[in-house]
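Quick notes on the structure that follows.
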Amino acid sequence: MDGTTYNVKIWKTAVYKGKRKTTHTVRWELDGKEWRAPFDTKALADAFRSELVSATRRGEAFSLATGRPVSHQSGASAVNWYDFAVQFADAQWHRTGGNNRKNTSKALMATTVALLRTPQTAFRPVDLRTALREFAFNTRRREDAPPEMATILKWVERNTLTMAAWEDPAKVDEVLLAVGSKLDGTRAAASSVKRNRRILNVAMEYAVKHRILQTNPLPKGRGAAPKTSSAVDKRSLLNPEQAARLLGWVRRRPRGGKRLHAFFATMYYAGPRPEEVVAMDVADVRLPDEDAEDQWCELLFHTAQPEVGKNWTDDGEIHEERGLKGRASDDTRVVPGHPSLTRITA
């Protein structure tokens, strides 16, 4: 249970006039800890401050976890974050593919570590992360967790904050910092940060839908997530001479050289995704006649087999059968192949 207090002090509303807008911030103190709630208008700030004052006059206790009067709390304080995260992972498992399952598990792992009541000292950090990532949030493997992993997960369940932690803006910021950082504390890539925030946003919407939280606590609007760019640095691209030397070196490899040569050549000369090339069959390649003037070939892509790992697929296979990205499951994409690719595949 999260603690409560009657030691409440409510301060005068602070007003900050910026270049674009004016912010009215209600400030109050619980057991020496200051809390803040910003509002865009004076009326909203005054209304919220009046609710806090009314609660103190009624002799109502305030939650130390959320900073709000107990009457303002949702059902979040009765739900353990770890239990909710496991439920959410199971709900997502049956509607997503292997890579999404893996990314969801990683995001929930980082979030759970940030929502522990006390820092763990009995286990190695790597073991804690492994138990969460590979077993707690893996629907297929959870019941098969080794005894040492199961012990860690039981400790996590006992020592995780409730969902009321998401009603504390300071704790939300702390969690977002954790999921946006690497293990050494440095900032993660913008794409990783964006992916983790997207997963957490789905989790929060799931909590709202099931009436665990009243609103989605994650920040919205401009600046809420880092910007990413899809632009390609042309200095990092291979020129034809470099590509030919690289493909030649691959072909001369003693084990699987010819097969890998065809794989990388297809990617270079036709531009498909790796998982699309893996799913190709002999019948998916249409070659021109040897004496034809036009030596361009055609490649048919109708499915993809991304490598996600046997722990994240329903059947335990390393690859997962999927449709083409951004297309209907029965759609086929025809891609022209350069004459150089024709000579390689002929």
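All values derive from a computational prediction rather than experimental measurement. Excluded from the calculations below are hydrogen atoms, water molecules and symmetry mates; all remaining heavy atoms, backbone and side chain alike, are included.
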- Query: What's the spacing between Asp31 CG and Thr5 OG1 if we round to 0.5 Å?
  - Reply: 3.5 Å
- Query: Do Phe263 and Val278 pass the side chain to side chain contact (heavy atoms under 4.5 Å, CB included) test, and can you show the C-alpha distance, the side-chain angles, and the key distance before you say yes or no?
  - Reply: CA-CA 8 Å; Phe263 174 81; Val278 170; 3.8 Å; yes
- Message: I'd like to know if the side chain of Thr303 reaches the main chain of Arg322, judged simply by a donor and an acceptor atom lying under 3.5 Å from each other, with no hydrogens or angles considered.
- Response: yes
- Just wondering, do Tyr269 and Leu299 contact through their side chains at under 4.5 Å, heavy atoms? no
- Do you reckon Val53 sits in the same ILVMFWY cluster as Phe62, going by side-chain contacts under 4.5 Å, direct or chained? yes
- For Glu134 and Trp312, the nearest pair of non-hydrogen atoms, with its separation, is OE1-CZ2, 4.1 Å
- Task: Is it possible for you to say whether Val277 and Val308 belong to one hydrophobic cluster, with membership spreading through side-chain heavy-atom contacts below 4.5 Å?
- Result: no
- Are the side chains of Val202 and Thr104 in touch, meaning some heavy atoms are under 4.5 Å apart? no
- Side chain proximity check, Thr130 to Met109, heavy atoms < 4.5 angstrom: no
- Quick one: do Trp93 and Phe84 end up in the same hydrophobic cluster if we chain Ile, Leu, Val, Met, Phe, Trp and Tyr together by side-chain heavy atoms under 4.5 Å apart? no
- Query: Counting only heavy atoms not in Arg58, do more than 12 sit closer than 6.0 Å to its CZ atom?
  - Reply: yes
- What one should report as the nearest heavy-atom pair of Ala207 and Met163 is CB-CE, 4.0 Å
- So, do Trp28 and Phe48 have ring centers that fall under 6.0 Å from each other? yes
- Item | Check: Gly248 main-chain N/O paired with Arg252 side-chain donor or acceptor under 3.5 Å | yes
- Message: Please say yes or no: joined through hydrophobic side-chain contacts below 4.5 Å, possibly via intermediate residues, are Val113 and Leu177 part of one cluster?
- Response: no
- Query: Hey, what do you get for OG1 (Thr313) to CD1 (Ile318), rounding to the nearest 0.5 Å?
  - Reply: 9.0 Å
- Message: Using modelled atom types and a 3.5 Å cut-off, is there a donor and acceptor pairing between side-chain atoms of Thr4 and backbone atoms of Ala61?
- Response: no
- Message: When you group the ILVMFWY residues by side-chain heavy-atom contacts below 4.5 Å and let the links chain together, are Phe39 and Val15 in the same group?
- Response: no
- Message: Determine whether Asp314 and Arg140 satisfy the following criterion, side chain to side chain contact (heavy atoms under 4.5 Å, CB included), listing intermediate values before the conclusion.
- Response: CA-CA 8 Å; Asp314 292 322; Arg140 195 167 67 84; 5.6 Å; no
- When you check the gap from the basic side-chain N to the acidic O, do Lys325 and Glu275 get nearer than 4.0 Å? no
- Query: Side chain of Asp90, backbone of Gln87: donor and acceptor closer than 3.5 Å?
  - Reply: no
- Counting N and O atoms only, with roles assigned by atom type, does the side chain of Glu276 sit under 3.5 Å from a partner on the main chain of Phe301, one being a donor and the other an acceptor? no
- Item | Spacing of Gln242 atom CD and Tyr268 atom OH [to the nearest 0.5 Å] | 8.5 Å
- Message: Closer than 4.0 angstrom, basic N to acidic O: yes or no for Glu157 and Lys154?
- Response: no
- Going from OG on Ser63 to CH2 on Trp35, what distance comes out if it is rounded to the nearest 0.5 angstrom? 7.0 Å
- Item | Pro69 to Glu60 - nearest heavy-atom pair and separation | CB-OE2, 3.4 Å
- Of all heavy-atom pairs linking Leu287 and Val285, the shortest is CD2-CG1, 3.8 Å
- Item | Minimum heavy-atom distance Val208-Asn216, with the two atoms named | CG2-N, 3.6 Å
- Task: With rounding to the nearest 0.5 Å, note down the distance linking NZ in Lys234 to CG in Asn239.
- Result: 14.0 Å
- Determine yes or no for a side-chain-to-main-chain donor-acceptor pair under 3.5 angstrom, with Asn80 supplying the side chain and Thr160 the backbone. yes
- Query: Ile199 versus Gln92: any side-chain heavy-atom pair under 4.5 Å?
  - Reply: no
- Query: Going from CZ on Arg158 to CG on Leu153, what distance comes out if it is rounded to the nearest 0.5 angstrom?
  - Reply: 11.0 Å
- Could you go through the side chain to side chain contact (heavy atoms under 4.5 Å, CB included) check for Thr13 and Arg49 one step at a time? CA-CA 8 Å; Thr13 301; Arg49 186 177 182 278; 3.5 Å; yes
- Going through the distances and angles, do Trp296 and His338 end up as a side chain to side chain contact (heavy atoms under 4.5 Å, CB included)? CA-CA 5 Å; Trp296 284 78; His338 193 272; 3.9 Å; yes
- Atom of Asp294, atom of Pro288 and distance for their closest heavy-atom approach: O-CB, 3.5 Å
